[in-house]
Protein chains: 2
Amino acid sequence: MHNIQVAETWTIAELATEYDVTLRTIRFYEDRGLLTPERRGTVRVYHPRDRVRLALILRGKRLGFSLDEIATIVDMYDTAPGEEGQLVYLLAQIAHRRADLEQRRADLEQTLTDLAEVEARCQADLDALRTRRG
Amino acid sequence: MHNIQVAETWTIAELATEYDVTLRTIRFYEDRGLLTPERRGTVRVYHPRDRVRLALILRGKRLGFSLDEIATIVDMYDTAPGEEGQLVYLLAQIAHRRADLEQRRADLEQTLTDLAEVEARCQADLDALRTRRG
DNA sequence: CTTTACGTTTACGTAAGCGTCAAGCACAGA
DNA sequence: TCTGTGCTTGACGCTTACGTAAACGTAAAG
């Protein structure tokens, strides 16, 4: 008897604990159109798609994007194939995002480099201090 | 006749146009303790140190750090050599920052990878569309 | 049948990061 | 002396991204 892939679902609390965010946060993201869980009666039911989107949203947040920016990014991932105009537009958006991300990467690398330098200086000072003290 | 290095200074407007921020923003950063320009009478006079700090602040912003976080980062750069406790603390801060930045880098790389995949799919769809149309 | 757990909406509160006046001083040129 | 230009300090306003009750529904457990 092999595994039958049943489309798994989650409650809001399950997602909240899994990703360590509050219920309020998840509902807020829905309010902003970032998540669209199913409704069974009044209760929210989250599908794998929602779960993936939440993960993407949080990654976007860690990168410092605003929710509006995140919305456009996340929507790129599951835009329907669509017609030519759509595709061209999407490709342009992607190019724009990539440029943004590469700027960030440059900033990030530079900051890490700077930090390493400060650290070295700092460590040298500390070593000198301890040597002198014997 | 060689160049004599005169400590150059800037007005608030000069810095603002150079870094493309508003006067309000620069004053706000001062209010938050991020900048400490000299005062000649009531007027602010910015020295090279302030200019560097402003650049660091803006880079921090591009990376999505809060001003509070930026404050601790920027202050690392020009903390006096100090005594052992200070140095140890500073090294810990640096380690913490580095961990944060490396998490960001991972997120960033993953996002770029994802984006590349979406782009490829998108481009393929577009090509197919154009081929079919002949 | 009541408690407990878990969900819901509505709505006001808040911290961050500035924007945007308002009102005033100082100095340079016509 | 008037006008303009650039600087100053308040001080209120606005948006984002939630926190934090309040008040209520529902379903299983004791």
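The sequence lines fix the lettering, A, B, ..., with proteins before strands; numbering per chain opens at 1.
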To the nearest Å, how far apart are Glu14(B) CD and dC7(D) C1'? 12 Å
Using a strict cut-off of less than 4.0 Å between a Lys/Arg side-chain nitrogen and an Asp/Glu carboxylate oxygen, indicate whether Arg44(B) and Asp50(B) qualify as a salt bridge. no
Across nucleotides 9-20 of chain C, 5' to 3', mark each nucleotide with B, S or - according to how protein heavy atoms within less than 4.0 Å reach it. B-B-----BBBB
Distance in Å, Arg53(A) CZ paired with Asp78(A) CG, rounded so as to fall on 0.5 Å steps: 5.0 Å
Please report, rounded to the nearest Å, how far the C1' atom of dA17(D) is from the CG atom of Leu58(A). 13 Å
Should we count CD of Glu69(B) as having more than 12 external heavy atoms under 6.0 Å? yes
Once you round it to whole Å, what is the distance between C1' of dA17(D) and CD of Glu69(A)? 14 Å
Taken in chain and number order and not counting sequence neighbours, the residues that satisfy salt bridge (Lys or Arg N to Asp or Glu O under 4.0 Å) with Glu14(A) are none
Would you indicate, yes or no, if dG6(D) has its OP1 or OP2 atom less than 4.0 angstrom from a side-chain nitrogen or oxygen of Thr11(B)? no
Take atom CD1 of Ile12(A) and atom C1' of dT26(D), then tell me their distance rounded to the nearest Å. 16 Å
same_hphob_cluster(Tyr77(A), Tyr89(A)) at 4.5 Å side-chain heavy-atom cutoff: no
Taking the basic N atoms (NZ, or NE/NH1/NH2) and the acidic carboxylate oxygens, is any pair closer than 4.0 Å for Arg104(B) and Asp100(B)? yes
